[in-house]
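Below: the structure, in structure tokens.
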Amino acid sequence: MFRTSTCRVERWCDKTMSVMREQQLEACQDRLSRCPAAGIFSELCEDEARDLFCISYYSTECRAHLPDQKTLREMVLHYAAKEACFLSPREDDLVKRMIMGGGEAYLDDWDEITAAEALISRLWCTLQIVDEESARLCLAPELMEPITQAMLSEEYMATRARLFSFDATLHSLLYLSGFLHASVPMTHFYADQKDRMDSDTEIMIARYLRSTFDYTETPEGEILLLHPGLADPEHLLYMLSQMKPAEIHLTREMMLGGMNGVLPEEVASCEAMRGALHGAVRPEYDEEEALEDLRMMAKQGAALSEMREVMESMLCVLPTPRMNHALEQLHLQTVRWLGMPSAVVN
């Protein structure tokens, strides 16, 4: 999902991972509320067609004038079978639910709206807001047959298997580094699958990355994948630009830890912090979410005093000596992202 706001926010209470996630979902809901009700295969006026084109992936890929509606429909149909192989996991689930539901599915989890937005950006779907608690996603009838057939093909099964491994590796690298230029995974994917590549694969991989990961774009239009806990990408990039290039040797243990979302050297402090928070967080907080917020702060070099302030805001009781000690260990033992300040007790 596109990171809508990258402005500097001084208070950590306003830029924890859970707060940013909530802001992202709200921004996505706002964008979807303004989406055209009709799809590309409906009869559209010129303004409606322009609006659909502007919210689609085609507008960033073509970087040209609006194609006429007939051409745009032909492009959507041309890519549909290939795109079916390169859907994000949430998109894949929603598409299958719509096929089984005769072309529509109700969104029962608001986290699904990010996948719904991606399907709308592919120009496959339209969204109808039923009420404040639910929405209906509809798949264009013209796409039902080609997508169903594509999902029954050997290419679909082979591509999904490759993407499963690809996805796990990217999540690991993002946990280890905080961000990743999209050219890195794309180059590796091409090298690994060069015998299966065609002229559309680069477009499909870029769409997959946009729909699966948080990302932002450089002024040149390049994609930067972001860990969802990275609060200030510009600051991290600036810090790295001031450093000499570092050689990083990734071990099997590091990669496995990244895939699991916790490195071996971070396990003990995480368990201690989890135990200290158990039964003590306010009702509006989830214990795992609270722990995740604190860990991501530590990875970005937040001061212990800042982490303590955020922890106290999450608690329904006064902080105990056990909590403060666990927080100090979490602060010390969490591995920083490259370019972030090392641990200093304060």
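Every heavy atom of this structure was used, including side-chain atoms; hydrogens, water molecules and symmetry mates were not.
- Counting heavy atoms from C-beta outward, Glu266 and Arg295 have side chains that approach closer than 4.5 Å.
- Heavy-atom minimum distance, Tyr156 versus Cys85: CA-SG, 3.6 Å.
- Between Leu230 and Leu174, every side-chain heavy-atom pair lies at or beyond the 4.5 Å cut-off.
- Side-chain contact between Leu123 and Phe41: absent, with no pair of heavy atoms (C-beta onward) separated by less than 4.5 Å.
- The CG atom of Leu52 sits 9.5 Å away from atom CD1 of Ile120, with the distance rounded to the nearest 0.5 Å.
- A salt bridge does not link Glu292 with Arg21: none of the charged nitrogens is closer than 4.0 Å to a carboxylate oxygen.
- Ion pair Glu74/Lys70 flagged as a salt bridge, since at least one NZ, NE, NH1 or NH2 atom sits closer than 4.0 Å to an Asp/Glu carboxylate oxygen.
- Crowding of His181 atom NE2: a count of heavy atoms from other residues, nucleotides or ligands under 6.0 Å exceeding 12.
- In Glu284, the CD atom is crowded: over 12 heavy atoms of neighbouring residues, nucleotides or ligands sit closer than 6.0 Å.
- Interatomic distance, CD of Gln24 versus SG of Cys28, reported as 9.0 Å (0.5 Å rounding).
- When Tyr215, Phe179, Trp337 are each tested for a ring pair (Phe, Tyr, Trp, His ring centres under 6.0 Å) with His227, only one passes: Trp337.
- A continuous path of Ile, Leu, Val, Met, Phe, Trp and Tyr side chains, each step under 4.5 Å between heavy atoms, connects Met186 with Leu170, placing both in one hydrophobic cluster.
- Gln128 places a side-chain heavy atom less than 4.5 Å from the side chain of Arg136.
- The shortest side-chain heavy-atom distance between Gln300 and Lys15 does not fall under the 4.5 Å cut-off.
- With a 4.5 Å cut-off on side-chain heavy atoms, Leu263 and Tyr175 count as touching.
- Lys82 has a carboxylate O that lies under 4.0 Å from a charged side-chain N of Glu155, or vice versa, which qualifies the two as a salt bridge.
- With respect to the salt-bridge test (charged N to carboxylate O, under 4.0 angstrom), the residues Arg122 and Glu91 qualify.
- Look at Glu26 and Arg31 and you find no salt bridge, because none of the NZ, NE, NH1 or NH2 atoms lies under 4.0 Å from a carboxylate O.
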(message) Applying side-chain contact (heavy atoms from CB on, under 4.5 Å) to Met323 and Met311, what does each step give before you reach the verdict?
(response) CA-CA 9 Å; Met323 291 175 187; Met311 182 186 73; 4.2 Å; yes
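- The CZ atom of Arg162 lies 14.5 Å from the CG atom of Asp167; values are rounded to the nearest 0.5 Å.
- In this structure, a donor-acceptor pair under 3.5 Å is absent between the side chains of Tyr57 and Arg207.
- Contact check for Leu224 versus Glu217: no side-chain heavy atoms found under the 4.5 Å cut-off.
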(request) Apply the test side-chain contact (heavy atoms from CB on, under 4.5 Å) to residues Ser18 and Glu22: give CA-CA distance (whole Å), side-chain angles for both, the deciding distance (0.1 Å), then the verdict. (result) CA-CA 6 Å; Ser18 60; Glu22 187 68 24; over 6 Å; no
(request) Please test Thr159 against Leu163 for side-chain contact (heavy atoms from CB on, under 4.5 Å), starting from the C-alpha separation and ending with a verdict. (result) CA-CA 6 Å; Thr159 302; Leu163 286 177; 4.0 Å; yes
(request) Given salt bridge (Lys or Arg N to Asp or Glu O under 4.0 Å), test Glu309 with Arg11 step by step and report yes or no. (result) CA-CA 10 Å; Glu309 179 185 357; Arg11 282 172 48 84; 3.1 Å; yes
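- The environment of CG in Leu152 is crowded: more than 12 heavy-atom neighbours from other residues, nucleotides or ligands sit within 6.0 Å.
- When all heavy atoms of Leu44 and Gln69 are compared, the pair lying nearest together is O-NE2, 3.1 Å.
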(message) Under the criterion side-chain contact (heavy atoms from CB on, under 4.5 Å), I'd like the reasoning laid out for Asp293 against Met314: C-alpha separation, chi angles, the key distance, then a yes or no.
(response) CA-CA 10 Å; Asp293 282 350; Met314 300 171 173; 3.7 Å; yes
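- Atom OG1 of Thr60 and atom CD1 of Ile55 lie 12.0 Å apart (nearest 0.5 Å).
- Once rounded to the nearest 0.5 Å, the distance linking CE of Met259 with CE of Met254 reads 12.5 Å.
- Distance check: Leu94 CG to Leu107 CG gives 6.0 Å after rounding to the nearest 0.5 Å.
- Phe86 and Met151 fall within a single hydrophobic cluster, where Ile, Leu, Val, Met, Phe, Trp and Tyr are joined by side-chain heavy atoms under 4.5 Å apart, directly or via other members.
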(request) Please assess Arg274 against Glu287 for the test salt bridge (Lys or Arg N to Asp or Glu O under 4.0 Å), listing each intermediate value before the final yes or no. (result) CA-CA 7 Å; Arg274 180 180 288 109; Glu287 290 178 7; over 6 Å; no
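- The pair Asp93-Arg90 fails the salt-bridge criterion, with no side-chain N (NZ, NE, NH1 or NH2) lying under 4.0 Å from an Asp/Glu carboxylate O.
- Considering only heavy atoms from C-beta on, Asp214 stays 4.5 Å or farther from Leu225 through its side chain.
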